[in-house]
There are 2 protein chains.
Amino acid sequence: MKKIITSLICCTLQIGVAQQVSSPSKNITLDFSVNQQGQPIYQVFYKGKTIIKPSKMGISFKEKTGLTANFSVAKTEQHTVDETWNPILGEEATIRNHYNQATFHLTQKETNQQLIIVFKVFDEGIAFRYEFPFQERVNYFIISDENTEFNLTGNHKTFWIPGDYDSQEYVYNETKLSEIDNSKLDLDNGIALQTILSPHRVQSPLMMVSDEGLYINIFEAAVVNYPIMHLDVDIKTNALKANLTPNAIGDKAYLRTPSVTPWRTIMVSDDARDIVGSKMILNLNEPNKLEDTSWIKPMKYVGIWWEMQIGMSTWDYTGSQSAQNAGDTLLASGKHGATTEKTKHYIDFAAKHGFDGVLVEGWNVGWEDWFGNWKEDVFDFLTPYPDFDMEEISNYAQSKGVKMIMRHETSSSVGNYERHLDRAMDLMKKYGYPAVKSGYVGRIIPRGEYHDGQAMVNHFNFVAQRMADNKLMVNSHESSRPTGYHRTYPNYIAAEAARGNEFNAWSNGNPPAHETILPFTRLLGGPMDYTPGIFEMKMSVYDPNKMEQVQTTLVKQLALYVTMYSPLQMAADLPENYEKHLDAFQFIKDVPLDWQTSKYLEAEPGDYLTVARKDKNSESWFLGSITDENPRKTEIKLDFLSPNKKYKATIYKDGKDAHWKDNPTSYEITTETVTNTSKLKLALASSGGVAISMVPIN
Amino acid sequence: MKKIITSLICCTLQIGVAQQVSSPSKNITLDFSVNQQGQPIYQVFYKGKTIIKPSKMGISFKEKTGLTANFSVAKTEQHTVDETWNPILGEEATIRNHYNQATFHLTQKETNQQLIIVFKVFDEGIAFRYEFPFQERVNYFIISDENTEFNLTGNHKTFWIPGDYDSQEYVYNETKLSEIDNSKLDLDNGIALQTILSPHRVQSPLMMVSDEGLYINIFEAAVVNYPIMHLDVDIKTNALKANLTPNAIGDKAYLRTPSVTPWRTIMVSDDARDIVGSKMILNLNEPNKLEDTSWIKPMKYVGIWWEMQIGMSTWDYTGSQSAQNAGDTLLASGKHGATTEKTKHYIDFAAKHGFDGVLVEGWNVGWEDWFGNWKEDVFDFLTPYPDFDMEEISNYAQSKGVKMIMRHETSSSVGNYERHLDRAMDLMKKYGYPAVKSGYVGRIIPRGEYHDGQAMVNHFNFVAQRMADNKLMVNSHESSRPTGYHRTYPNYIAAEAARGNEFNAWSNGNPPAHETILPFTRLLGGPMDYTPGIFEMKMSVYDPNKMEQVQTTLVKQLALYVTMYSPLQMAADLPENYEKHLDAFQFIKDVPLDWQTSKYLEAEPGDYLTVARKDKNSESWFLGSITDENPRKTEIKLDFLSPNKKYKATIYKDGKDAHWKDNPTSYEITTETVTNTSKLKLALASSGGVAISMVPIN
């Protein structure tokens, strides 16, 4: 790791006079000043154009004078950082962290309260946060509001989902900023719990495109001991304002000095690939805190899961999904998915095809009555159903070289989970489960809390830490969306926290553009357990007269293993469906989950994405390309390949007559020899894709 | 155990016609009827006099039609129970449970919702509860109000404390019902957290005396998965109404059918001894749930505790009691109480004088910053201060035959405690601590919850259950006040949950009447860890110019070991203070903590109490008598002693010139031989007492 730091301590900043900080490339410039009222103000420019107009900053307190005005700048510091670091798992083996930093020490008149505002200006965007140094007058404090503004310069095209405190599992809306209106959404969308308290509130990451073709993204990094930030939109003025998720009694955050807020990030570029490929969010998180990381490994897995999604079997033993207090009198329905026998079948399949793990959902008592009733004592995370023999299964898995993946659905009864967590982890260790998929469906207990509040952020981070203490990996579902904490706790290997593939089974589904937007939004915060790999696109789930359909071609499902980075990837479909298409299945078997480097070749949010990645442990390359509902032709230069090497390219492409709706499973597989001077012509069907493996020949 | 049950299923009750149920003795009669609006109504009579005028009953729901009106009685059942049972520890080795029960099955018109109201009529009072049978329409439900009324017949003299959702650590007020007014109280009373939201709200147990000399007590039993009930007083009409403690968002209770509420109890007698000696609350709780109880044992203990109360040493290592985040840089102040050396001194003292245990407070990291800041991660319950060597101490204690008592102060950061509980119990087991004193000072986290809410009731009960799973005993401080759950989980051996002796060290103290009221109020719910035994009555604590004083004589402190029943009793003073009065200390050494039987000989709330108890494991008797600020002379017949036996009575009495304020440590010890025909003349000083041991002579 190299680290170049140059420091400069500047004189006192005068009122009304802006201090400027530019990115290393000079493309981005940040202006900071304190106005006549002593309010901190910032602006952002990109290649001379205003991106953020003068915007206020500040923090309001519940019980005393807040940190919003009457400031003067006591001291300014600037320095440059240019360093590299190596993530445990990732899209890149080495990540460069290069920025110019300015630190403004503010003192409040009369109260003498201190506030520090730190800016980091990267080539692809700026970040800033508030820091609260230890001081007599500000010791313990309650934040009632964060007043950060993001005053945009135009009515940008925006990819947005509602500012729901409890869910991000929405289809993205693509409208002008001025057209954001949650009250006009169709909320019959398969989301169990929706908490939208304002019509013009949206979530971040908020991806926008200006009329001039600038890509602008507003997000946050390193949300630790702080609530998730949503954004309130003034649809008349294009002004955004931070909205922190409140707790049960309306407070936002409880802090004590010294402490810091998360980073607020504004990315901007005239090339969308700079946004989708940015590592800024990761760079803003604290380095890995774990000494031994040898046990943190990527996992490709199958599991007893999709069959419940499509109604073939049930999570619960009694099959009713609605029986109350069935614990005492469990009567087998015969439809229970998580049986010893079926698990062994999945273990056999995983072993045969080289998968690392098998996930089994519905293994434990409680699913009869697990959801929708704000029930506290749903699961104990310890007691298997009578037809699930943990001892036998774990022995069998071990004999086949396959790892079991634990399932902890909490029903959002969070206190109950925390009460059982140590015992639940002991059980995992006893039976050799290296990872857990946790779940948070439904209303939170402690009652009145939201998924995105400070208490829940702390819970998700606490679970990651406790799992790390026990050398266990965690993949949370229905958690708050990640903001790069997997850099700090790399065992927090993935999360859901967006609309996953499962919605295709039982709701209005994920429209063709969905997977082209996620890399510009949700994925900026960390890997997503999207569960791709569905081969059987049409199914009758709950209503025999109605067919549900995954809104992609089969090949696009393959390409997602490359376009949706995650070190934890499921092959979500049933073994029997893979056995019908073993040639296509080969790509899922071959694709790595950990990378030496990644090249974003083509990117347009809502339209298409093409990325090539080099395996971390070999010289092979893999390419994935996807499109929205529009068929697409493109030509890709393979100049990223090593010179003087030949590769056998196996190309999985949509059939000529393929179409996500009418003919999704039409595909072709061809092979050819390629080099770094090759160009490949790709033709993607409507909501189609291309997946390519390129393996060196000798 | 004998059990006599006679059953009677009655016909449908007609509207407006009351059904009567009498106690076995016929002294108490309960009238139940449904009025023209279909509202359930009850009345209570004692020896023909009305005690409770017609009072409504019912439960309101948050989200659907509540169970308050439009009822008809579909079925009535009556039966009699007469049985005995044996508590694991207690005031009696055998307890009789004798009552007549009536069960009213109500059906609500239009909704067809079902509600059951069960009455049990004992000789010393009535109890009733609501039962919610499983039914389609009432499955999961949220209680927004309990409408139970207790319409009293007069402006009784009342012993009350404010209806504070977070504390019961108040001095009792003795006024007419009509004079109840929290707004007129002096709240500078040493209580850290006060949440009094209504001027006319009081706590139960509410002890009253009518002008006719009837003793009336309103309380509740078996509060499980339900909030604590307070009482709203209409000071003009003498009407009381249940007030359930809300949660953070104003809801009262979350239940699902089948379920039950706690019992609401109304005790009445013309003899105060029937109230103070009643086992009705215990009888209304579920039987012991633990199979093996061999590890549940009484404990008499000393500890490193009073010296912190009186300012001699500190809980925290750095001695500041206010340092922030001192965890990283602990600098010894030299005033830390919980050192290895001092603990060994206490162990030596305990071993020498035959005590079972030693409590050490302030042993663990976190006390620098533990209180008053609503801080979440105060303690980890695992990490000792550097000067407290757990290994060495536990080995030393074991070599001396003494048990260590663990201390878990939670600062009311309850989620944090639950997260650590399993590991904390593992530590207790590793080092052989059989019991824990838990503490809940300060505002609850999850924020917005109250000590008396359903969530906290569940927490206290959960801790008792988990401790039982690990064969550990628990003594909670600042918990919600108990309602007999120690019958069900007898390892929940004691609680504080009232104003304990410690308030004498650093507040306006506990006035002389205090200990004569507690047995009629707080102690009805279960044993209290009052921490008696202070011998050095005057001390300068925080202000060198101000002397604090315990408001009793020394002998009254001895008598409290008999009058305040608990199987866990501390000798709270410093070893050096006991060594100055080893003759008086002998009573504390001799007094048992578990009893064959108890005889309440004299009782008047707020004035005096005399009780004699027979040791469970010998033929010895012990007598304690206390008085309020008024000196008292009385004569006690010893006719409870076994006939034809002689006893050596050792009588610890106030000196002739003793007075709690002017001369508290004046005492005399005399011995004489007594039999069951003896009478003893007792003379108690102002806030004085008498303590007597009576040991058979061969």
Side-chain angles (χ1 to χ4, degrees), chain A residues 62-63 134-136 138-142 225 246-251 253-259 322-325 369 371-378 413-426 443-449 453-456 458-459 462-463 465-466 469-470, chain B residues 62-63 134-136 138-142 225 246-251 253-259 322-325 369 371-378 413-426 443-449 453-456 458-459 462-463 465-466 469-470:
Chain A
K62 184 181 186 185
E63 292 164 344
F134 179 72
Q135 52 195 294
E136 282 300 316
V138 186
N139 186 340
Y140 285 85
F141 57 103
I142 300 174
N225 195 29
N247 76 349
I249 55 173
D251 295 337
Y254 302 82
L255 296 183
R256 62 182 186 271
T257 55
S259 55
S322 65
Q324 186 174 29
N325 300 326
D369 198 21
F371 165 66
N373 293 310
W374 228 358
K375 180 180 175 183
E376 184 158 17
D377 54 338
V378 184
S413 181
V414 175
N416 182 56
Y417 184 40
E418 294 190 349
R419 275 173 215 135
H420 288 87
L421 185 60
D422 279 346
R423 285 170 279 160
M425 291 190 298
D426 286 346
R443 283 184 288 183
I444 301 289
I445 306 177
R447 294 184 178 95
E449 297 293 333
Q454 182 189 25
M456 286 303 295
N458 288 354
H459 167 79
F462 166 76
V463 170
Q465 292 162 27
R466 285 298 295 151
D469 290 345
N470 289 275
Chain B
K62 183 181 187 185
E63 291 164 345
F134 180 73
Q135 51 195 295
E136 282 300 316
V138 185
N139 187 339
Y140 286 85
F141 57 103
I142 300 174
N225 194 29
N247 76 349
I249 55 172
D251 296 337
Y254 302 82
L255 297 183
R256 60 182 186 272
T257 55
S259 55
S322 64
Q324 184 174 30
N325 301 325
D369 198 23
F371 164 65
N373 293 310
W374 227 357
K375 180 179 173 182
E376 184 158 16
D377 54 337
V378 184
S413 181
V414 175
N416 182 56
Y417 184 40
E418 294 190 349
R419 277 175 213 134
H420 289 88
L421 186 60
D422 278 345
R423 285 170 280 160
M425 291 191 297
D426 287 346
R443 283 184 288 183
I444 301 289
I445 307 177
R447 294 184 178 94
E449 297 293 333
Q454 182 189 25
M456 285 303 296
N458 287 353
H459 167 79
F462 166 76
V463 171
Q465 292 162 27
R466 285 297 295 151
D469 290 345
N470 289 275

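Computed over heavy atoms, backbone and side chain alike; hydrogens, waters and symmetry mates excluded. Convention: sequence-line order gives letters A, B, ...; per-chain numbering from 1.
Comparing His420(A), Glu449(A), His459(A), Arg419(A) by how many heavy-atom pairs each has under 4.5 Å with chain B, the most go to Arg419(A). Between chain B and the residues Asp251(A), Asp377(A), Asp426(A), the most heavy-atom pairs under 4.5 angstrom are made by Asp377(A). Among Val414(B), Asn373(B), Ile445(B), Ile249(B), the residue with the largest count of heavy-atom pairs under 4.5 Å with chain A is Asn373(B).
For Ala455(B), no part lies under 4.5 angstrom from a heavy atom of chain A. Of the two parts of Asn247(A), only the side chain, counted from C-beta on, holds a non-hydrogen atom closer than 4.5 Å to a non-hydrogen atom of chain B. Only the side chain of Arg466(B) comes within contact range of chain A, judged by heavy atoms closer than 4.5 Å. In this structure, no portion of Tyr417(B) lies under 4.5 Å from any heavy atom of chain A.
Between Trp374(B) and Tyr254(A), the ring planes lie perpendicular to each other; the angle is over 60°, past the 30° to 60° tilted range.
Interatomic distance, Asn416(B) CG to Phe462(A) CZ, rounded to the nearest 0.5 Å: 8.0 Å. Here Asp422(A) contributes atom CG and Glu418(B) contributes atom CD; the two are 12.0 Å apart, rounded to the nearest 0.5 Å.
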